[in-house]
Amino acid sequence: MRIYKVIWFDDEHEKFQPIKDQAILQDIQLIGYSNSKEGVPELRDHYKDYDAVILDGLFFKTADHQGTDIDDSAFGEVAKLLSELKAQNKILPWFIYSGQPSFVKDRNSFVELFKDDSFAKGKVFDKNKDEDFKELLAEIKKAADTNPERIIKIKNPEIFSIFEEGILPVEVEEQLLSIFKKPSYDNRAELKAILTNIRSIQESIFIKLEGISVLQVGLSFNHKNIHLSGNKSHASKWIATSPEYQTTEIENLQKWIYTTCGTYIHHLDQAHYTGHVISNYAVQSLFSGLLELLLWFKKTYKENI
């Protein structure tokens, strides 16, 4: 089971450890921020890390604010960011969980302006009702489980643990997700994009291996591949003369991905005249090969850091 990560804006979140404990029993981790100044940049820069957002009606704008130094403007800042992300097709489920009568019972201008009826039909959940919290947790799961990226990650836990553990950066995860979402092409521009992402991810693997001195910086692809296979040669009677990081099967896989992607990335103009373009069967095969490379890379990296 993949834990649901939820960013929670509430000036008193630190007082609500029992609520956090109750949520974690339902596989939901509530990560609290008491103010918008700290929470908004976190959400903007790392929205992909979260499955949903919870907003209290009233919380602080900065960490220096305290006591009654509070109004609904911080709510407005977060809601505005969520609207901006949605306009960029970066959609996060978000819910209002408040004990303030002005948010729960009365009409509030910010709620009416920003509330998203797509999630829990725009209901404002009442902190004073235990049943509302249970319903809120259920709605978080319901909304998050429709997220195609979450579905992909749940189905491929070994692959995406590479990014959860910080072995490869989020930019590479985004490239990989784009292929998962559309692993076949309808035109040559899409073909080039898929193959470019596959080759770029392969190159990211090499760069990471350079960072732990498994590979030297500046080697050509052929020399990288030979080195990873133990620098075998005719002179050594094809016996490894240095550590072997990959099997013959992985060596051939590396070569096939590098050569095939490179050929069609750089020579699609020729395909226009010859009429021959790589098929989706081969594209899907290349993608499967890339996933195998990622599993090999994860093991190799962790054994040599």
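Just so it is clear, the structure is predicted and the values come from calculations on it, not from any experiment. Only this structure's heavy atoms are used, side chains among them; waters, hydrogens and symmetry mates stay out.
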*asked:* With salt bridge (charged side-chain N to carboxylate O under 4.0 Å, His left out) as the rule and sequence neighbours excluded, what pairs involving residues 279-291 come up?
replied: none

_Quick check: closest heavy atoms across D51 and P93, and the distance to 0.1 Å?_
O-CD, 3.2 Å

*For I31 and K5, work out which heavy atoms get closest and say how close.*
CD1-CE, 3.6 Å

*Identify, with sequence neighbours excluded, every residue that meets salt bridge (Lys or Arg N to Asp or Glu O under 4.0 Å) alongside E244.*
K232

*asked:* Strictly below 4.0 Å, N to O, side chains only: are E12 and K15 in salt-bridge contact?
replied: yes

*Do you know which two heavy atoms are closest between R2 and R150, and how far apart they sit?*
O-NH2, 2.8 Å

_F125 to D132 - nearest heavy-atom pair and separation_ = CD2-O, 3.3 Å

*Please determine if R188 forms a cation-pi arrangement with Y264, meaning its NZ or CZ atom is less than 6.0 Å from the six-membered ring centre and no more than 45° off the ring axis.*
no

*Determine whether more than 12 heavy atoms belonging to other residues, nucleotides or ligands lie under 6.0 Å from atom CD of Q88.*
yes

*Do you know which two heavy atoms are closest between I198 and I257, and how far apart they sit?*
CG2-CG2, 3.7 Å

*asked:* With clusters defined by side-chain heavy atoms of hydrophobic residues (ILVMFWY) lying less than 4.5 Å apart, directly or transitively, does L295 cluster with L176?
replied: yes

*Linking I/L/V/M/F/W/Y whenever any side-chain heavy atoms sit under 4.5 Å apart, do L228 and I226 land together?*
no

*Report yes or no: does S98 contribute a side-chain atom to a donor-acceptor pair with the main-chain N or O of D56 at less than 3.5 Å?*
no

*So, are E149 and K48 salt-bridged, with charged N and O less than 4.0 Å apart?*
yes

*Do you know which two heavy atoms are closest between L92 and A52, and how far apart they sit?*
CD2-N, 4.1 Å

*Is the gap between the ring centers of F133 and Y97 under 6.0 Å?*
yes

*Any Lys/Arg nitrogen of E84 or K90 sitting under 4.0 Å from an Asp/Glu carboxylate oxygen of the other?*
no

Please tabulate, one pair per line, all N/O donor-acceptor pairs under 3.5 Å involving side-chain atoms of residues 166-174, not counting sequence neighbours.
residue	atom	partner	partner atom	Å
E173	OE2	K153	NZ	3.2

_ring pair (Phe, Tyr, Trp, His ring centres under 6.0 Å) partners of Y301, counting only residues at least two apart_ = F297

Give every donor-acceptor pair under 3.5 Å between a side-chain atom in residues 209-223 and any protein atom, sequence neighbours left out.
residue	atom	partner	partner atom	Å
S220	OG	H223	N	3.3
S220	OG	H223	ND1	2.8

*Output every pair passing ring pair (Phe, Tyr, Trp, His ring centres under 6.0 Å) with a member in residues 141-187, not counting sequence neighbours, ordered by first then second residue.*
F160-F163, F160-F180, F180-F287

*What is the ring orientation for Y245 with H227, classed by angle as parallel under 30°, tilted 30 to 60°, or perpendicular over 60°?*
tilted

*Answer whether the closest heavy-atom distance between the side chains of E303 and K299 falls below 4.5 Å.*
yes

*asked:* Quick one: does any side-chain atom of S200 pair with a main-chain N or O of T196 as donor and acceptor, under 3.5 Å?
replied: no

